[in-house]
K.L.:
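I have a structure I would like to understand better, so I am pasting it below and will then ask my questions one at a time.
Sequence lines set the chain letters: A, B, ... in the order given, protein chains first and strands last, and positions in each chain run from 1.
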Amino acid sequence: MNDALPLPGFEGLTTAEEPRTTRRGPTAEELLEGLNGPQAEAVRHAGPPLLVVAGAGSGKTRVLTRRIAWLISERKAHPGSILAITFTNKAAAEMKERVAELVGGRAKIMWVSTFHSSCVRILRKEADHLGYERLKSNFSIYDAQDQKRLITLVCNDLDLDPRRYQPGPVLHWISNHKNELREPDEVAADARNGIEESYAAAYKLYQRRLREANALDFDDLIMETVRLFQLHPEIRETYRRRFRHVLVDEYQDTNHAQYSFIHQLCGQSLEETDEDRVEPAELMVVGDADQSIYAFRGADIRNIMDFEQDFPDARTIMLEQNYRSTQTILTAANTVIGNNQGRKEKRLWSDAGDGDKIVGYVADTEHDEARFVSSEIDKLTDGGLKAGDVAVFYRTNAQSRVFEEIFIRTGMPYKVVGGVRFYERREVRDALAYLRMLVNPDDQVSLRRILNTPKRGIGDRAVECINELANREQVTFWEALQRASEAPGLATRSQTNIEGFVAMVTELQSMVAAGERPDVVLETVLDRSGYLKSLEESDDPQDETRVENLGELVAVAREFAEDPVAGPSADPSDVDAGLVEPGLGDFLERVALVADADQIPDAPDDDPDAPPDQGVVTLMTLHTAKGLEFPAVFLTGLEDGVFPHSRSLGDRPELEEERRLAYVGITRARQRLYVSRAVVRSAWGAPAHNPASRFLGELPIDLVDWRRTEADQARWSRPTFASDSGSSYGAQSGRGLGTPNAAGRRNFTSAAARADAAAKAKPAREIPVLEPGDRVTHDTFGLGTVVSVEGQGDKSVAKIDFGSDGEKRLLLRYAPVEKL
DNA sequence: TTAGGCTCCATTTTT
DNA sequence: TGGAGCCTAA
């Protein structure tokens with residue numbers, strides 16, 4: 001067994017300084033203790049690639065950590081030969097910690113991180129081969145916001161009609177191609193029509209601009225690493241030699257590029273003739289196709305479905321025993337997910353007993369729903385549960401507001417996970433943009449962002465002139481700024497302002513060059529740029545919290561400067577090996593890769609006002625909830641158009657992804673599950689009327705205890721409406737789906753509630769039976785032609801082309817549509 | 001060039 | 001409902 005080989009090419013990484021006094025590792029018995037058959041088998045497995053199909057709550061994290069410990073202490077694997085890839089930085093930190101508990105400090109040397117972090121480390125190390133001269137020390141990593149700014153510039157330069165080519169779709173298109181590892185030229189050659197040509201042109205220029213800015217976006221991090229491996233087999237072999245054990249968590253969420261990365265390391269060697277060829281690393285992937293909820297960002301469920309074909313001698317182990325939830329909850333989850341087609345059957349079971357029934361509630365409005373949730377939480381906490389045991393899930397971040405309002409009113413401590421994250425706040429991004437352009441002046445996006453922030457009299461006109469100079473002289477934007485006097489048509493006033501700016505930046509850069517600590521640089525920047533002052537002098541009350549946030553950012557930087565190894569996603573192995581001396585660039589890299597809500601010391605929210613030991617109620621989106629569990633879970637907003645989201649209605653794959661999301665939500669609950677919906681929900685101003693989510697109908701009827709149903713709702717709601725909210729329900733959109741345009745709204749003369757009840761029990765109006773090609777008329781959109789029809793009865797949804805108004809997807813039960 | 005008022009627009013999910 | 005971008009006046 002070659003597990004104990006030294007690490008060729010990584011001589012710097014030895015375990016020599018590792019404390020030899022570490023207690024003896026755990027025994028085999030200890031490592032297998034408490035595991036069931038399949039779990040133990042996965043831990044002990046050796047040899048061929050292994051797929052562990054891990055149902056929700058089946059203890060996969062435990063299996064992963066035990067296996068890593070097993071590799072180290074039983075199979076004598078060098079910890080440095082282990083590469084474990086997790087989905088979030090948080091998961092990585094936890095895993096590392098838990099392995100360290102088992103085998104001691106040796107665990108530090110493992111690579112445990114996300115795909116992105118791993119790739120950054122490889123790129124840094126191998127930067128010389130990539131042809132970006134300065135890549136090694138100071139490239140910027142562009143996140144979605146930066147990408148958006150850049151693509152806007154690009155589309156501008158290409159004179160693309162901004163209405164037709166919006167940043168979002170263009171970026172999405174580019175991202176898809178990057179994930180498929182397709183270069184711009186390749187894509188351009190395949191373009192079939194004008195639109196695709198424009199997209200390809202945008203891709204090409206975008207990529208060029210990235211390069212000029214010494215920047216990589218998130219997709220590049222993976223793509224460039226794979227390309228590096230493909231172009232330089234000798235580098236790939238180095239890593240193949242180093243990483244003898246590769247473990248991938250959440251495999252169902254990998255995209256094609258990530259799959260290729262894994263394949264480079266663990267596939268059969270490509271050059272069969274190569275004498276040096278290295279046996280592929282031992283691979284274990286863990287995942288659950290039913291929990292794949294990231295297709296929208298390129299995750300390819302086929303990666304896990306086809307694992308056995310991709311790795312021919314692979315073995316599969318199924319973990320179906322659930323240690324988390326009651327049988328009631330599991331049965332519900334199984335039934336719902338059973339509606340998806342083409343999945344591999346898997347039945348979770350539990351010996352925890354049936355437990356309580358699922359509680360259902362139909363609310364009048366979203367406020368009513370929030371009240372219900374709040375009062376139930378009160379009952380639960382009275383009954384001995386802690387606030388921290390409770391979570392409220394919703395589909396979109398915007399839905400958190402009603403809950404926050406009621407929790408504030410009732411004094412229930414809570415925290416919202418996700419939402420506008422710390423690193424996405426404007427002031428934080430501004431500050432980071434300053435730092436980024438100091439480290440990497442070619443970073444045009446950052447530079448432009450802060451050029452006139454705070455206002456220093458360098459407006460659009462001036463930027464335009466500089467840009468022109470840059471293009472004419474073929475120099476970077478920063479170089480052009482330094483030569484502002486040569487810019488054609490630049491006002492003297494602007495020129496003076498620019499010179500002042502350049503002087504300030506130059507001075508700050510010398511600080512960075514001198515190796516000043518990140519926190520010191522940051523504080524100086526905030527001071528010298530006048531940014532802090534402009535906030536302090538502002539009378540906008542929001543700016544007060546902005547100042548506080550900047551203080552927080554300085555604190556983060558200080559913490560990093562003092563102890564770069566501590567904190568989230570620390571990768572001490574490089575630090576230990578002296579490969580990294582933490583400076584401003586490393587701080588920025590860390591921040592770019594860790595833009596994750598729960599990593600942020602948002603302690604002010606968490607600690608002070610929380611009653612000791614009680615914790616706080618957690619509010620989050622279903623996506624954020626993946627991987628977590630709570631004794632009591634509220635699944636809210638179960639309405640067609642909200643969850644499943646309106647954009648997924650009528651598209652089978654997307655709808656199935658929504659269903660997997662429901663599955664994820666349900667299986668987060670340990671003991672108690674609540675499902676609720678609101679008949680009327682205010683979305684962007686006007687109240688909208690949503691039918692019950694189809695997922696509610698998929699729950700086994702005898703498992704749900706309906707506290708309040710639509711029938712109750714119809715019976716009781718009118719007085720509620722009159723006393724509760726009087727005025728606001730006069731005019732309502734009659735359409736639950738489609739675009740709730742302000743124009744032509746249809747009045748519900750009676751309470752919306754009654755209309756819904758009537759529509760549900762016995763349609764108030766005949767539902768028109770439509771076929772593709774039928775001509776129809778709509779109260780708002782006028783004449784249209786039916787494109788397609790899905791679903792039946794009161795669930796049927798028609799896609800109708802209204803000419804200039806575009807195509808709409810309408811739920812026929814509500815849509816004011818008549819067949820002609 | 002900027003500030004302030006205005007309209008209009010939009011709402012998935014994120015490493 | 002709110003935020004972001006546009007236009008106008010100074």
K.L.:
Determine whether the aromatic ring of Tyr294(A) stacks with the base of dT14(B), defined as ring centroids separated by less than 5.5 Å and ring planes inclined by less than 30°.
P.N.:
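Here the ring of Tyr294(A) and the base of dT14(B) are not stacked, as the 5.5 Å and 30° limits are not both satisfied.
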K.L.:
Assert yes or no for the condition that the ring centre distance of Tyr294(A) to Phe296(A) is strictly below 6.0 Å.
P.N.:
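Tyr294(A) vs Phe296(A): aromatic centres under 6.0 Å.
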K.L.:
Check the phosphate of dT12(B) against Arg647(A), side-chain N and O only, distance under 4.0 Å to OP1 or OP2. Yes or no?
P.N.:
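For Arg647(A), the contact criterion (side-chain N or O under 4.0 Å from OP1 or OP2 of dT12(B)) is met.
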K.L.:
Which nucleotide in the list dT2(B), dT12(B), dT14(B) gets nearest to the side chain of Asn452(A)?
P.N.:
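Taking heavy atoms from C-beta onward, the closest nucleotide is dT2(B).
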K.L.:
How many Å lie between CG on Asn255(A) and C1' on dT15(B), as a whole number?
P.N.:
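The answer, rounded to whole Å, is 10 Å.
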K.L.:
With a 3.5 Å cut-off and heavy atoms only, can you find an N or O donor on one side and an acceptor on the other between the side chain of Arg493(A) and the base of dT1(B)?
P.N.:
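Per atom types, no contact qualifies.
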K.L.:
Tell me yes or no: between the side chains of Asp443(A) and Tyr142(A), is some donor less than 3.5 Å from an acceptor?
P.N.:
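Checked: Asp443(A)/Tyr142(A) side chains pair up, N/O donor to acceptor below 3.5 Å.
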K.L.:
Can you tell me the distance, in whole Å, between the CD atom of Gln495(A) and the C1' atom of dT1(B)?
P.N.:
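My rounded result for the distance is 17 Å.
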K.L.:
Assign each of Ser494(A) and Glu657(A) to its nearest nucleotide of DNA chain B by heavy atoms, then name whichever residue's nucleotide is nearer the 5' end.
P.N.:
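On the 5' side of the pair lies Ser494(A).
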K.L.:
Could you work out which one of dT12(B), dT1(C), dT15(B) sits closest to the side chain of Glu658(A)?
P.N.:
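Among the listed nucleotides, the one closest to the side chain of Glu658(A) is dT12(B).
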K.L.:
Please figure out whether Arg461(A) or Thr621(A) has its closest DNA chain B nucleotide nearer the 5' end.
P.N.:
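Nearest-nucleotide comparison on DNA chain B picks Arg461(A).
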K.L.:
So, for Tyr251(A) and Phe87(A), is the gap between ring centers shorter than 6.0 Å?
P.N.:
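Here the rings of Phe87(A) and Tyr251(A) have centres that are no less than 6.0 Å from each other.
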K.L.:
Within the stacking criterion (centroid distance below 5.5 Å, interplanar angle below 30°), does Phe296(A) stack on dT12(B)?
P.N.:
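One would not call Phe296(A) stacked on the dT12(B) base.
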K.L.:
From the list dT2(B), dT1(C), dT11(B), which nucleotide is the closest neighbour of the side chain of Arg401(A)?
P.N.:
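It is dT1(C).
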K.L.:
Do you know which of Arg436(A), Arg449(A), Arg448(A) makes salt bridge (Lys or Arg N to Asp or Glu O under 4.0 Å) with Asp146(A)?
P.N.:
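For Asp146(A), the salt bridge (Lys or Arg N to Asp or Glu O under 4.0 Å) check succeeds only for Arg436(A).
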K.L.:
Measure CG/Leu451(A) against P/dT2(B) and give the value in whole Å, please.
P.N.:
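Between P of dT2(B) and CG of Leu451(A): 10 Å.
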K.L.:
Should His645(A) be counted as stacked on dT12(B), where stacking needs a ring-centre gap under 5.5 Å and an angle between planes under 30 degrees?
P.N.:
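Stacking between His645(A) and dT12(B): present.
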K.L.:
Can you tell me if Ser648(A) touches the phosphate of dT13(B), counting only side-chain N or O atoms and a distance under 4.0 Å to OP1 or OP2?
P.N.:
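No, because none of the side-chain N or O atoms of Ser648(A) sits under 4.0 Å from OP1 or OP2 of dT13(B).
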K.L.:
Can a donor-acceptor pair be found between the side chains of Asp143(A) and Tyr423(A) at a distance below 3.5 Å?
P.N.:
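No.
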K.L.:
Quote, to the nearest angstrom, the P distance that separates dT13(B) from dA4(C).
P.N.:
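These two P atoms come out 15 Å apart once rounded.
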K.L.:
Could you state the CD-P distance from Gln166(A) to dC8(B), rounded to the nearest angstrom?
P.N.:
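So the two atoms are 17 Å apart, to the nearest Å.
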K.L.:
Rounding to an integer number of Å, can you tell me how far Asn397(A) CG sits from dG3(C) P?
P.N.:
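Roughly 14 Å, once rounded to whole Å.
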K.L.:
Whole angstroms only, please: what is the NE2-C1' distance between His367(A) and dT1(C)?
P.N.:
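His367(A) atom NE2 is separated from dT1(C) atom C1' by 10 Å.
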K.L.:
It should be established whether Thr624(A) places a side-chain nitrogen or oxygen under 4.0 Å from OP1 or OP2 of nucleotide dT14(B).
P.N.:
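Yes, Thr624(A) has a side-chain N/O under 4.0 Å of OP1/OP2 on dT14(B).
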K.L.:
Rounding to a whole Å, what distance do you find between Glu404(A):CD and dG2(C):P?
P.N.:
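About 13 Å, once rounded to whole Å.
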K.L.:
Can we call the ring centroids of His623(A) and Phe393(A) under 6.0 Å apart?
P.N.:
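No, they do not, as the ring centres are separated by 6.0 Å or more.
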K.L.:
Send over the distance from Gln145(A) CD to dT14(B) C1', rounded to a whole Å.
P.N.:
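Nearest whole value for this atom pair: 13 Å.
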K.L.:
Scan Ala462(A) against the nucleic acid and name what it touches under 4.0 Å (heavy atoms): base, sugar-phosphate only, or nothing.
P.N.:
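If one applies the 4.0 Å heavy-atom cut-off, Ala462(A) turns out to touch the sugar-phosphate alone, with no base involved.
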